[in-house]
There are 4 protein chains.
Amino acid sequence: MHPTPEVDTDKPREECGVFGLHVLPEAGDLDLATLCQLGLFALQHRGQESCGICVASEDEVRIEKAMGLVTQVFTEERLGRLAVPGARTAVAHTRYSTTGSSRLYNAQPLTVRSNKGVLALAHNGNFTNARELRDAMLAAGAVFQTTNDSEVMLNLIARYSHLDLRRATAMAMTELEGGFSVVLMDQTSLIGLRDRHGVRPLVLGSLAGGWVLASEPAALAVVGADHVRDVRPGEMVVIDDLGLHSEQIMAPTPAPCAFEWIYFARGDSVLDGVSVHDARVRMGERLAQEAPADADVVIGVPESGLAAAVGYSRASGVPYDIGLYRSPYAGRTFINPTQHLREQKVRLKLGATTAVAGKRVVLVDDSIVRGTTSGRIVRLLYEAGAREVHFRVSSPPIAHPCFYGIDTAARQELAASTLSVEEIRRRIGASTLAYLSEAGLQRALGQPSVCLACFNGRYPAGKPSEAPGAIASEEETVLA
Amino acid sequence: MHPTPEVDTDKPREECGVFGLHVLPEAGDLDLATLCQLGLFALQHRGQESCGICVASEDEVRIEKAMGLVTQVFTEERLGRLAVPGARTAVAHTRYSTTGSSRLYNAQPLTVRSNKGVLALAHNGNFTNARELRDAMLAAGAVFQTTNDSEVMLNLIARYSHLDLRRATAMAMTELEGGFSVVLMDQTSLIGLRDRHGVRPLVLGSLAGGWVLASEPAALAVVGADHVRDVRPGEMVVIDDLGLHSEQIMAPTPAPCAFEWIYFARGDSVLDGVSVHDARVRMGERLAQEAPADADVVIGVPESGLAAAVGYSRASGVPYDIGLYRSPYAGRTFINPTQHLREQKVRLKLGATTAVAGKRVVLVDDSIVRGTTSGRIVRLLYEAGAREVHFRVSSPPIAHPCFYGIDTAARQELAASTLSVEEIRRRIGASTLAYLSEAGLQRALGQPSVCLACFNGRYPAGKPSEAPGAIASEEETVLA
Amino acid sequence: MHPTPEVDTDKPREECGVFGLHVLPEAGDLDLATLCQLGLFALQHRGQESCGICVASEDEVRIEKAMGLVTQVFTEERLGRLAVPGARTAVAHTRYSTTGSSRLYNAQPLTVRSNKGVLALAHNGNFTNARELRDAMLAAGAVFQTTNDSEVMLNLIARYSHLDLRRATAMAMTELEGGFSVVLMDQTSLIGLRDRHGVRPLVLGSLAGGWVLASEPAALAVVGADHVRDVRPGEMVVIDDLGLHSEQIMAPTPAPCAFEWIYFARGDSVLDGVSVHDARVRMGERLAQEAPADADVVIGVPESGLAAAVGYSRASGVPYDIGLYRSPYAGRTFINPTQHLREQKVRLKLGATTAVAGKRVVLVDDSIVRGTTSGRIVRLLYEAGAREVHFRVSSPPIAHPCFYGIDTAARQELAASTLSVEEIRRRIGASTLAYLSEAGLQRALGQPSVCLACFNGRYPAGKPSEAPGAIASEEETVLA
Amino acid sequence: MHPTPEVDTDKPREECGVFGLHVLPEAGDLDLATLCQLGLFALQHRGQESCGICVASEDEVRIEKAMGLVTQVFTEERLGRLAVPGARTAVAHTRYSTTGSSRLYNAQPLTVRSNKGVLALAHNGNFTNARELRDAMLAAGAVFQTTNDSEVMLNLIARYSHLDLRRATAMAMTELEGGFSVVLMDQTSLIGLRDRHGVRPLVLGSLAGGWVLASEPAALAVVGADHVRDVRPGEMVVIDDLGLHSEQIMAPTPAPCAFEWIYFARGDSVLDGVSVHDARVRMGERLAQEAPADADVVIGVPESGLAAAVGYSRASGVPYDIGLYRSPYAGRTFINPTQHLREQKVRLKLGATTAVAGKRVVLVDDSIVRGTTSGRIVRLLYEAGAREVHFRVSSPPIAHPCFYGIDTAARQELAASTLSVEEIRRRIGASTLAYLSEAGLQRALGQPSVCLACFNGRYPAGKPSEAPGAIASEEETVLA
């Protein structure tokens, strides 16, 4: 139906963006559905498979969700159906996942009727003990319609039938393990929360007459909201007509995901007080100090490698230039070149400019997952006349899977889990190859403590009791 | 997206068709999805809004459902996604309802994971105590994602966590009130059941190496199955690799819906031992005896009035002819004639032939709900030269709502609930108007006991504790 | 994209329906696009592949055409695009053809800019000398973008650059051979014409403040127009703000197509003064006289065989009944039963009622092309308990192709071109088989002269100089 | 249906990309349709409204064209329909235009049957004397179905009925005025030509066993072809099984469009021997010399302003940084922010990074058309903390319309046609504003002669005899 965006299998994939807002009666008749659409559009890079918006007044709840990009799904017609008179609260979600229309059942927000009224929930991240919790509830007679962690959390909240929504949510939060940010609403209030490690981001903004929650600050800006602060690790914020209430449900032990700064988050985001752009430039600067190269020009792999390339140039004194043209249409291609043109595939996305001809080139990228695309880019540069290609990666080698909402490749596919740096260099055909060190990354981030599990295998928020691969394949069986 | 079929608002509307099958390993690799598609196609007249098919092997369950007609929804692509290797069990459903894409959440079959494995359920009819049951389960911590009775039944079954599927279903069946037929499956068995009154039909067929359940016999014929018998009121049949097992869960007190024979069921169906075609001819014959007319020709309103017209002609001796041409494209029109052409609207569907010119016409129809269309047809005949139009209805006046799965109009819109026969005659402009009597209908049906609630307000399977209108509008609020 | 209606390959296929109107300024601001949509809807049976509407004011011309049924193509959005302010003239077309989206180029009306302004043309039928005319114009430097006869006629009209539209059209009409009805417009007038044999129908209606042209009277009725008369063979009517002008361009030698009355036209049409319904009843009556049968019941194959069955019953005294239920959804199926269910295919469309059980049945159909479906229907009746099946066809055997706009099968596929009646009887498995005689058909029609070419190979309007198969396949090459 | 990409109304819009190839029998069975798809994908930036591919063998011609992006239009199904056995020649086209489905009639390639066989033609640019040529052919009896210049050229070629395709095309070429590149095919040969000024680009590539023509070199690279050379102004190349033949039909008077280097062409293109990337860097360098600024950082407006920003930084010594994040989804947005969020619109596309906070910023963009977006970007930077914003434009002010295939705004909307530089500076709110001079641009391009008509109003290839606005609106009337 719609052209599914091509997944760059040589980059980790984020799984979700969340958005929510609550406005006071005095804010007037705002079009909450359109505000959600704008917010989701600004978070589209966090998930391109499906998206959904739930809008409620005290009298009525409406939801629309579908497979596709925000601009494909939220047509005038669908936005019109979400025009709830007197709407005051809304949550929205954009999601990455694999293909297949039946996955619509897993699209978020998830909406249920419960003993606390109608609830809608959207999350980013993973509960590492979701399976145990679900098995216990199944035994007690619950039924599950999706394979989505949101359904586990909603059932958990409903089990506290003697508590109100706020207290039941707080209790559920203490039972859930893993890395996650959640936005949840009933017909009169909006709740936001972040796991005690703050693995996934969640920011708070203020709007004339209301409050906004979002995965990244850009989603605040597009709806005209001011960026107030980050929701804190372990914090639950409750927004209703009485205003904003904060409760520190669990003691914070911060470990935000380093990859948000390295690759996922937008270049204009500031997360947990650290500018993504500045962090990337500093990663490049440190990389230049740790792994200098005798070269004529520094170029970056667009888009995520460009800021680090600027930093590398700045610290090394080697001139910066634009060596790769990126097709603005590349993201949506499903073109399958015939066999003998497979090598040409990278050319659908990238073309080398004359900036590299006859030069010794430093090529900066943010990460290498499998290495396939990296090798093709190196060859592209040689064909365009580069004399040497010094590949520099502005993060450490990825060697471990993520259990907190990011889809890296399976472990055996991760180049760095089975190959040495020299072996990877040979595979991609670069003149030299170097990665930023863990210490260098931490200093570039300037954060006392970040999650580096995909680099070093140390999981601050625990691991699921069973291998995630196994769970996933069983889930498939349940409700394909 | 798809052209939704126009609803003839002057006819009652059936709400569902169900279909299910289980085949033995020796049946070979049958394409269960295509068999379901054929079965649903034969039941399309029972519901045109959405449809779904769930197919399972012992290892895997897949489901596809969407808004639209069977031929629109089940494209080659969707059928391909349902090609489960080693598939043995399947259930399918086609549903009538109002418009709105969010109604997709209410499409059936409904599929859940439970303590009895993965279950898929499809039903036709209504549980009159669904609301009480749901309220009790909500209080106990359950959450509901749809406004569909199927979800109530699935939760009810899961609550019997100490019983196996068969016993739990039997227990649930005794708790449920109203008029309903259900097909239910797990990954190794198929269950069919009919409420103790047998309000809605369910028939059993045998296939080489398997068994089939369906709302009407035509759905057996299109998949090459033999019609074995009707499932009995209060009976539960369980089909698995050990064969067919029958249990009479509740003592039968038969009251099958008379409207199945009057209008809903296909003319080639035989339900509970009574041929639909023969019953309609007999209704016409009795109508001729009860309400003769001095006329030149008998014509029927296509399609459902034709058989009764043949009966009327046969019993009265007045010659039968084809007085109305029905456009084969009429069913799908959403054409909106401009204001001054509103009267022309009936012409999109019907055109009078020369058979009525200069004649005194007996016009036979199966029922009158509002009377709007009836009046337009009468005018059409006069314009085509009819000298007199004697309107004869082959069923009694409809004056009460149905609570067992049929959408008649709201009570105040039913012509017969507020107007006398003479007032209706004047509204529709007929020379004379007569309805078949209740006694005449019962004798034409030749059944000792049928549900005539919409005619006489006596509800054999009870009424919901609250007005259905009120419930419906609250449900709307919950999950539009 | 859209579910293409299944083609019943055992029936001849009509190729087009045309519609046009011109309204005076005093008619006010009529919505011409919606009037065209209504008219096309009433003509949908004449072509289901593509449709188009062209609407013009003196200042502006707009056209919309697409593959699909009228209700699929003319959405609110498309009708909105056709809302030309001050619109006064419109032509519309619905077309049958084979599949393939590139055939959109052949959809009508065809619109061109010429030395006579912008012209839009739609036709029904074929020009047997189209190839010669086109070859001559190609040699003179013309280019052709379609394989459509309309383009030939428009080029022909433009070649008369010294004449005005009316005179140029009259000249073109005299050059064109074959069987055709045409509606043509510029921005101020509407022209309708029929070949001198009147092979294809064209009727004239009057609307308050305007005139309407259409292939059948039902299209007049749906727009509220009165049926004035048929356009005469060889006549050209010109409608503009001065009113209706008629010119008899060529001397009429009437030979209207008999198949319009046998099968194509709607049962409520009256063409060239003869009621389609009455003609069909008379065909059945004559058939009963020519080929009586010792039987218990007469049934018709819905829909086109029903009226003849009524006539057969009336003349023979054998009671009429409804023996076959026809699914109202049959027309749109593209369901492909798996191999072992091929025989079930007819059951998607038809089901036998209990009316035939234990009976000796007369089965009346309007025609047999290949005989495949006929054989399946006979088996269906036997399976439903018929003791004998006496097949009666209310027209003579079809043994020759049509060159005037009807797609019969290729000659070698026509059962009657290679098999004797007895051989066909054996193929379809009937107890006896009889066709109506040519003389019987002519008397039933009561027309002095009709085109019976598909029965007797005598072509009143000539044949193309080359085999049509050859032309068609070459055309395919040109612009697939 | 498909999300039409948003048009950045503050940039000129290119109107077309062309592509063609011819392969020898020894090249084996290449999938020409997929090669065309790849080529068009690489040219997608030159036109996003519609696209088409025509593929031919000696025996068969097939064409597919539709509204939408290359990846939307050329699904597996459509490519499958283009799989002509033994295909040897193909042309393809991608087109920018305004909205409206009826514009499908104007999609290219245009395919006609003529006295030279079936021809398919695609062009980029405009014929300034198209109207005169068409009027003459209309008078002589031709009809036109589109408002497309391609139809004029095809009719012109067909008029030379005594000449073969090659000679007739050469004659047509001498009659046509304006700026255009054309690819044209019959079933055995491919022809490419460029007007004598070479206004629009056309490059030639060689493939194993064949030749390729394309608007830009990137389209050669994606199909694995080597870039051989540019087609020369006034040259016609003919490619058939005998190889490549070149004829200099008209004496070249080169005046290639400067805007190809400034904005349109991809950054990895080399056109007429000049690297687009290098030219843009040089424009930035010269701009720094002509219009220095006392600043802390240089940033570019992505994507087209980035290379000039690198050049500005290099020549001025002011550090380069990435000050604006561009959403990769921006191109497809049709989001309409509500009124009070209009100012937020630019935020859907761009977000300022922390690189500008507290800085005096030089902002480099390639051009200003209306100035609306420019003003919004300036405000975005101030809100992000920029202390000063020095706007630098790497081309001269646009003050005149283009008649050679580019859609600049209407003259009265061009900021520079009515406002002084100081007035524009005030409108956009920049601290200072400066444009590159014409002389500076010419030196940066290093071409002896380029078309600068949109800057200085001197049209090297002439102007249409009537105002283009007037023609356009009349065309609208003809065939909307």
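Chain identifiers are assigned alphabetically (A, B, ...) following the order of the sequence lines, protein sequences preceding nucleic acid strands; residue numbering begins at 1 within each chain.
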Between Q44(B), H277(B), R280(B), which residue shows the highest count of heavy-atom pairs closer than 4.5 Å to chain C?
H277(B)
Taking the six-membered ring for Trp, are Y320(B) and Y320(C) parallel (under 30°), tilted (30 to 60°) or perpendicular (over 60°)?
parallel
As an exercise: rank A357(C), A352(C), A384(C) by heavy-atom pairs under 4.5 Å with chain B and give me the winner.
A352(C)
Of all the heavy-atom pairs spanning T354(C) and S275(B), show the shortest one and how long it is.
OG1-OG, 2.5 Å
Side-chain contact, heavy-atom cut-off 4.5 Å: Y325(C) with S269(B)?
no
Please state whether the side chain, the backbone, both or neither of R314(C) comes within less than 4.5 Å of a heavy atom of chain B.
side chain
What closest approach, in Å, do A221(C) and R347(B) show between heavy atoms, and which atom pair accounts for it?
O-CD, 3.5 Å
Would you compute the distance between atom CG of L69(C) and atom OH of Y329(B) and round it to the nearest 0.5 angstrom?
7.0 Å
How many angstroms lie between OG in S327(B) and NE2 in H45(C), if you round to the nearest 0.5 Å?
8.5 Å
Answer with side chain, backbone, both or neither: which region of A355(B) has an atom nearer than 4.5 Å to a non-hydrogen atom of chain C?
both
Going by the rule ring pair (Phe, Tyr, Trp, His ring centres under 6.0 Å), which residues pair with F74(C) if we only count those two or more places apart in sequence or in a different chain?
none
Between D268(B) and G351(C), what is the shortest heavy-atom contact and its length?
OD2-CA, 3.1 Å
Side chain, backbone, both or neither of A42(B) within contact of chain C (heavy atoms, under 4.5 Å)
neither
Honestly, the part of A307(C) sitting under 4.5 Å from a heavy atom of chain B is both
What pairs with E26(B) under salt bridge (Lys or Arg N to Asp or Glu O under 4.0 Å), at least two apart in sequence or on another chain?
none
Applying a strict 4.5 Å limit to non-hydrogen atoms, the region of V270(B) in contact with chain C is side chain
Looking at chain B, which one of T75(C), D321(C), L306(C), V281(C) has the largest number of heavy-atom pairs inside 4.5 Å, strictly under?
D321(C)
